[in-house]
Amino acid sequence: MLPEKTENLPTSLLARRASRGEIKNSATVSSSLLPAFGTVIDDGHSQLRKYIIAPYDRRYRWWQTFLVILVIYSAWSSPFEVAFQHTTSGTFLFIDMVVDAIFAVDIITTFFVAYLDKSTFLLVDDPKKIAIRYVSRLWFTMDVASTLPFQYIYRILTGKLHGGAVFSFLNLLRLWRLRRVSDLFARLEKDTRFSYSWTRYCKLICVTLFIVHSAGCFYYWQATQYRVKQNTWIGKQINNFENRSIWLGYTYALYWSITTLTTVGYGDLHAENTGEKMFNICFMLFNIGLNAYLIGNMTNLVVHSATRTFTMRDTINEVSRYASMNRLPEGLKEQMMAHLQLKFKTVELQQDEVFADLPKAIRSSIAQHLFQRTVESSYLFKGVSQDLIIQLVSEMKAEYFPPKVDIILQNEIPTDFYFVVSGAVELLTYKDGTEQVSISHRRKRATIHKTEFSNWRTFTVVTDCVPMINFAAFLG
């Protein structure tokens with residue numbers, strides 16, 4: 001349980017704060033910010049220095065997310081401007097200047113962001129140490145290089161509107177910013193608030209679209225650099241293509257890239273010179289690895305979602321063969337099948353797997369929340385001390401039984417003691433060779449868990465025993 005007030009919390013918990021207060025969701029905090037065993041955190045580390053930003057600050061996270069949107073634009077515009085050099089002026093030039101200015105602000109901001117010392121696992125908020133660490137790393141050099149407006153610098157130095165091939169390819173340094181997208185997907189995959197499968201799907205789609213876009217742009221650029229424009233893949237289709245609409249050429253480039261990536265290749269767009277043939281060979285060899293990567297990831301996602309179903313079907317088949325091989329009675333075989341099917345359908349309600357990795361204090365608190373009121377309402381524990389009930393409740397667990405299943409057999413040494421929370425339990429005896437109901441116990445009250453199935457209802461039942469305490473479910 002979480003404490004309602006923070007005054008009584010230890011300092012080690014208060015040290016992990018955002019600038020706007022206590023962190024409300026642990027999913028937004030990187031696991032690397034947790035201290036190692038033996039680390040001492042005193043009151044001096046509960047607050048960072050003035051003008052120093054915590055890396056897990058909510059506002060800084062929003063700033064990083066905003067930069068990811070600009071990175072997506074840079075990933076699209078950089079290859080596009082290399083292929084279509086006429087776009088390096090006018091509106092595109094203005095947008096590029098604004099985007100580069102925003103990333104320049106982020107470079108300055110990085111000098112005020114605290115970092116985690118890997119030796120002490122504490123946040124370092126000394127501005128001098130932050131600056132030395134950032135400047136001495138490759139990230140600073142690449143951040144600056146990817147922010148410089150090379151096309152604008154070329155226009156100032158030469159007075160020409162369009163830069164040469166070298167300056168055009170220097171703009172590809174902006175693709176260095178893609179590491180931010182990779183970091184974002186890495187965080188989203190670990191964030192339980194987002195679906196892991198859909199996050200992976202989006203990542204695979206983004207990778208595919210970027211490769212299709214980049215390959216098409218470079219293939220078009222190669223056609224513009226060839227001396228005889230009519231002997232190029234697009235020159236055979238469109239006369240004077242360089243002076244036609246930019247979006248027409250871009251459409252043709254994407255069409256070629258997609259048909260090549262998907263190995264369809266209708267043959268209407270094909271290489272016309274040696275350079276284009278070499279590029280096609282390299283691109284198709286790359287596609288072999290890319291297709292294997294995409295198909296492998298998609299297969300893992302699909303198979304992972306169906307693993308439980310495969311396991312259930314295999315288990316049922318094995319039990320069916322076992323029952324047939326040993327010629328078990330049909331009634332006993334039906335009980336085995338019903339139990340396995342119920343176990344599969346109520347796997348989310350089972351406690352053992354959920355409790356396996358939790359500390360004892362949390363397990364005890366959960367058990368008290370689920371079972372204590374039920375045990376206290378039983379006539380058997382009227383007047384029993386609270387401490388004894390808590391000790392018994394802490395050892396309880398859940399079990400689920402389908403209809404017409406034998407729970408305890410006659411002359412069997414009892415090891416479990418059951419509390420019926422909801423449902424019906426009957427004591428059957430054999431008299432004169434016929435089965436008769438001696439006692440019928442039905443508990444009519446709100447259930448702790450209730451799951452609807454096609455032709456029966458699941459009723460949760462509490463079971464207790466010494467030394468084994470269970471938690472059972474009977475279906476009426």
Side-chain angles (χ1 to χ4, degrees), residues 1-2 12-37 39 41 45 48 53-72 75 106 109-110 113-124 133-134 137 139 143 175-210 290 293-308 347-348 350 352-359 362-363 366:
M1 298 177 61
L2 295 176
S12 59
L13 295 180
L14 291 175
R16 305 300 177 190
R17 284 178 176 269
S19 60
R20 294 185 64 182
E22 196 170 347
I23 299 172
K24 295 183 180 180
N25 195 328
S26 60
T28 61
V29 182
S30 173
S31 60
S32 61
L33 298 178
L34 300 178
F37 291 108
T39 302
I41 305 178
H45 291 85
L48 298 178
I53 303 172
Y56 48 78
D57 186 283
R58 185 178 297 273
R59 292 169 295 180
Y60 183 70
R61 288 292 192 188
W62 279 110
W63 169 255
Q64 293 293 319
T65 304
F66 170 70
L67 292 180
V68 169
I69 299 176
L70 301 183
V71 169
I72 296 175
D106 181 68
T109 304
T110 307
V113 179
Y115 69 92
L116 188 72
D117 190 340
K118 294 184 179 180
S119 60
T120 61
F121 288 89
L122 296 177
L123 288 178
V124 177
R133 177 179 179 270
Y134 182 44
R137 302 180 68 180
W139 286 7
D143 287 344
L175 297 179
W176 164 258
R177 302 167 184 171
L178 285 174
R179 62 182 177 83
R180 298 176 183 270
V181 180
S182 178
D183 295 340
L184 174 64
F185 277 113
R187 290 202 305 270
L188 293 180
E189 290 174 358
K190 298 178 178 66
D191 197 328
T192 56
R193 296 173 298 175
F194 300 93
S195 171
Y196 175 79
S197 297
W198 283 107
T199 302
R200 293 289 299 178
Y201 289 144
C202 292
K203 181 178 181 180
L204 296 176
I205 292 173
C206 290
V207 170
T208 304
L209 292 178
F210 173 72
L290 177 63
Y293 170 77
L294 295 176
I295 295 174
N297 277 270
M298 295 295 290
T299 302
N300 286 334
L301 292 174
V302 173
V303 171
H304 178 73
S305 62
T307 300
R308 282 178 46 203
V347 64
E348 293 87 359
Q350 298 297 327
D352 293 340
E353 296 181 0
V354 178
F355 283 4
D357 297 327
L358 296 178
I362 296 180
R363 295 199 303 267
I366 295 175

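The model shown is predicted, which means the values in this text are computed figures rather than measured ones. Side chains are part of it too, since the values below use all heavy atoms of this structure and drop only hydrogens, waters and symmetry mates.
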Check: Is any side-chain heavy atom of Y293 less than 4.5 Å from a side-chain heavy atom of L204?
Finding: yes
Item checked: Inter-residue atom distance L184.CG - R179.CZ, 0.5 Å rounding -> 13.0 Å
Note to self: Any non-hydrogen side-chain atom of E189 less than 4.5 Å from a side-chain atom of K203?
What the structure shows: yes
Item checked: ring pair (Phe, Tyr, Trp, His ring centres under 6.0 Å) between Y60 and W63, worked out -> CA-CA 5 Å; Y60 183 70; W63 169 255; 8.2 Å; no
Margin query: Walk me through whether Y196 and L301 qualify under side-chain contact (heavy atoms from CB on, under 4.5 Å).
Written below: CA-CA 9 Å; Y196 175 79; L301 292 174; 4.0 Å; yes
Note to self: Is the terminal nitrogen or CZ of R137 (NZ for Lys, CZ for Arg) located under 6.0 angstrom from the six-membered ring centre of W139 and within 45° of that ring's axis?
What the structure shows: yes
Next item on the list: Would you please name every residue forming a side chain to side chain donor-acceptor pair (under 3.5 Å) with Y115, sequence neighbours left out?
Entry: none
Check: Within the distance-only criterion (no hydrogens, no angle test), does the side chain of N300 pair as donor or acceptor with the backbone N or O of G296 below 3.5 angstrom?
Finding: yes
Next item on the list: Test L116 against L123 for side-chain contact (heavy atoms from CB on, under 4.5 Å), laying out the working first.
Entry: CA-CA 5 Å; L116 188 72; L123 288 178; 4.3 Å; yes
Checklist line | Closest approach of T199 to F194 (non-hydrogen atoms, all atoms of both residues) | finding: OG1-CB, 4.1 Å
Notebook entry, point to check: If you look at every heavy atom in L178 and A75, which pair is closest and at what distance?
Noted result: CD2-CB, 3.6 Å
Next item on the list: Walk me through it: do Y201 and M298 pass the test side-chain contact (heavy atoms from CB on, under 4.5 Å)?
Entry: CA-CA 8 Å; Y201 289 144; M298 295 295 290; 3.7 Å; yes
Note to self: Between T65 and I69, is there a side-chain heavy-atom distance shorter than 4.5 Å?
What the structure shows: no
Notebook entry, point to check: Side-chain contact, heavy-atom cut-off 4.5 Å: F185 with C206?
Noted result: yes
Notebook entry, point to check: Is any side-chain heavy atom of R59 less than 4.5 Å from a side-chain heavy atom of Q64?
Noted result: no
Checklist line | Side-chain ion pair, R180 and D106, N-O less than 4.0 Å | finding: yes
